[in-house]
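See structure below.
Within every chain, numbering begins at 1; the chains are lettered A, B, ... in the order of the sequence lines, protein sequences first and strands thereafter.
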Amino acid sequence: MPELPEVETTRRGIMPYIVGEKVMRVIVRNKHLRQPVSGKLSTELVGQRIHDITRRGKYLLMYADTGSVILHLGMSGSLRIVSKKTRPGKHDHVDIIFENGRCLRFHDPRRFGLLLWTRADPLQHPLLKNIGIEPLADTFNGDVLYKKSRGRRVAIKQFIMNAHIVAGVGNIYASEALFLAGIHPLRSAEKIARLRYRRLAESIRQVLHAAISQGGTTLRNFVSGEGRPGYFRQHLKVYDRGGLPCQTCGAPVRHILQGQRSTYYCTNCQR
DNA sequence: AGAGGTACCTGGCAGC
DNA sequence: TGCTGCCAGGTACCTC
């Protein structure tokens, strides 16, 4: 479900309700996520205040008094702010309940998500310390991509979806950014010139910013922290548009599989 | 080191 | 209606 724009939308949606608030109780109904939810999450987090929520790639970091919660939504996860009296549904695995009566509810049917408690710097956690550059940071540009791509024979789409290269670009926005940049998704990363990487970096930033401004993309079931769907779906140029005419040239959008993931592109506009 | 495949898990939908 | 197979927004880990 969530790529960078959806995670960022979630972050912005939940922050006003829980930053500065004190945790009263943690309920873990199902601890079997990507890694088991540690009992320390409940024992240590209770009584602490949340000071800030940041994002690194697709990870959310909730900073509390003596440690942090590392949270990932996986393929199907979402976070909602509900009243603590709201009945939990089938896949509502974890609740973090605050003094103000609000509840941060983690919902994840496929359970590829993650909730960890750490007392150390979360950015130094093994899952996070090797994540690549933030595409929305000032330091991200085509030259960075160009340098990292030398000697990389993988297809460019898989290259930009590699979280150790760029953080947060998932399957939807990889296809979209390549379309905007006019680059064929099967092209080998090492065979793309510096100038084209500059255009690609700009396209990645552009599509991520645009998606965030629309509250992300809802294909099936993404909802923000406040329960709203994302409205970027109607702005998608190629993703999930297989067989439909390219909005630039009219040729049918092609759908292929790359590393078991769907890729969409225009054979005419992307070279 | 890089690349490719596999595993984790549930639900929805198309096709029979 | 019900079964089967495939697909889905992610990523870590294994092998070669």
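The two residues A:Ala167 and A:Pro135 have their closest heavy-atom pair at O-CD, 3.0 Å.
Distance noted for atom P between C:dT11 and B:dA1: 22 Å (whole Å). Rounded to whole Å, the P atom of B:dC9 lies 23 Å from the corresponding atom of C:dC3. Across B:dA3 and C:dG9, the matching P atoms stand 22 Å from one another, rounded to whole Å.
Judged as a side chain to side chain contact (heavy atoms under 4.5 Å, CB included), and not counting sequence neighbours, A:Arg87 has no contacts. For the side chain to side chain contact (heavy atoms under 4.5 Å, CB included) test, residues two or more places apart in sequence or in another chain that qualify with A:Arg241 are A:Leu244, A:Gln247, A:Val253. With sequence neighbours left out, A:Ala137 forms a side chain to side chain contact (heavy atoms under 4.5 Å, CB included) with A:Glu134, A:Thr139. Under the salt bridge (Lys or Arg N to Asp or Glu O under 4.0 Å) criterion, A:Arg34 pairs with no residue, sequence neighbours left out. In this structure, A:Phe106 has no ring pair (Phe, Tyr, Trp, His ring centres under 6.0 Å) partners at least two apart in sequence or on a different chain.
Without hydrogens or angle criteria, A:Arg55 side chain to A:Gly57 main chain gives a donor-acceptor distance under 3.5 Å. The main-chain N or O of A:Glu190 is found under 3.5 Å from a side-chain atom of A:Arg150 such that the two form a donor-acceptor pair. Judged by distance alone, with hydrogens and angles left aside, the side-chain atoms of A:Gln48 form a donor-acceptor pair with the main-chain N or O of A:Thr66 at under 3.5 Å.
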> Just by protein heavy atoms under 4.0 Å, how would nucleotides 4-11 of chain B read 5' to 3' in B, S and -?
Replying inline: S-B-BBBS
>> Counting primed atoms plus P, OP1 and OP2 as sugar-phosphate and everything else as base, spell out the protein contacts along nucleotides 2-7 of chain C at 4.0 Å heavy-atom distance: B, S or - for each nucleotide, 5' to 3'.
In response: ------
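Look at A:Arg153 and you won't find any side-chain N or O under 4.0 angstrom from OP1 or OP2 of B:dG2.
Atom-to-atom, CG of A:Leu73 to C1' of C:dG9 comes out at 10 Å; the value is rounded to the nearest Å. Taking atom CD of residue A:Glu3 and atom P of nucleotide C:dG9, one finds them 8 Å apart after rounding to whole Å. One atom, OH of A:Tyr264, and another, C1' of C:dA8, lie 10 Å apart when rounded to the nearest Å. The separation between A:Arg233 atom CZ and C:dG9 atom C1' is 11 Å, rounded to whole Å. Protein atom NE2 of A:His72 is 11 Å distant from nucleotide atom C1' of C:dG9, rounded to whole Å. In this structure, A:Lys58 atom NZ and C:dG9 atom P are separated by 10 Å, rounded to whole Å. Nucleotide B:dA3 holds its P atom 13 Å from the NE2 atom of A:His164, rounded to whole Å. Taking atom CD of A:Gln258 as the reference point, atom P of B:dA3 lies 13 Å away to the nearest angstrom.
If you check every strand for non-hydrogen atoms under 4.0 Å, A:Tyr239 touches sugar and phosphate atoms only. At the heavy-atom level, A:Phe159 lies nowhere under 4.0 Å from the strands shown.
Shown are A:Leu71, A:Leu60, A:Ile53; of these, the side-chain contact (heavy atoms from CB on, under 4.5 Å) with A:Thr10 is made only by A:Leu60.
Grouped with A:Leu257 in a hydrophobic cluster is no other residue, since no side-chain heavy-atom contact under 4.5 Å to another Ile, Leu, Val, Met, Phe, Trp or Tyr is found.
Ring to ring, A:Tyr63 and A:His51 are not that close: their centroids are 6.0 angstrom or more apart.
DNA chain B is contacted by no residue of residues 175-187 of chain A, taking any non-hydrogen atom closer than 4.0 Å.
Helical stems involving DNA chain C, defined as 3 or more consecutive Watson-Crick or G-U pairs under 3.5 Å, span B:2-8 with C:10-16, B:10-16 with C:2-8.
The stretch residues 103-114 of chain A participates, sequence neighbours left out, in these salt bridge (charged side-chain N to carboxylate O under 4.0 Å, His left out) pairs: A:Asp95-A:Arg105.
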Under 3.5 Å, side-chain donor or acceptor atoms of residues 170-180 of chain A against the rest of the protein: list the pairs with distances, not counting sequence neighbours.
from	atom 1	to	atom 2	distance (Å)
A:Asn171	OD1	A:Lys157	NZ	2.5
A:Asn171	ND2	A:Ser262	O	3.1
A:Tyr173	OH	A:Glu6	OE2	2.6
A:Tyr173	OH	A:Thr217	OG1	2.6
A:Ser175	OG	A:Tyr264	N	3.3
A:Glu176	OE1	A:Lys237	N	2.7
A:Glu176	OE2	A:Lys237	N	3.3
A:Glu176	OE2	A:Val238	N	2.9
A:Glu176	OE2	A:Tyr239	N	2.8

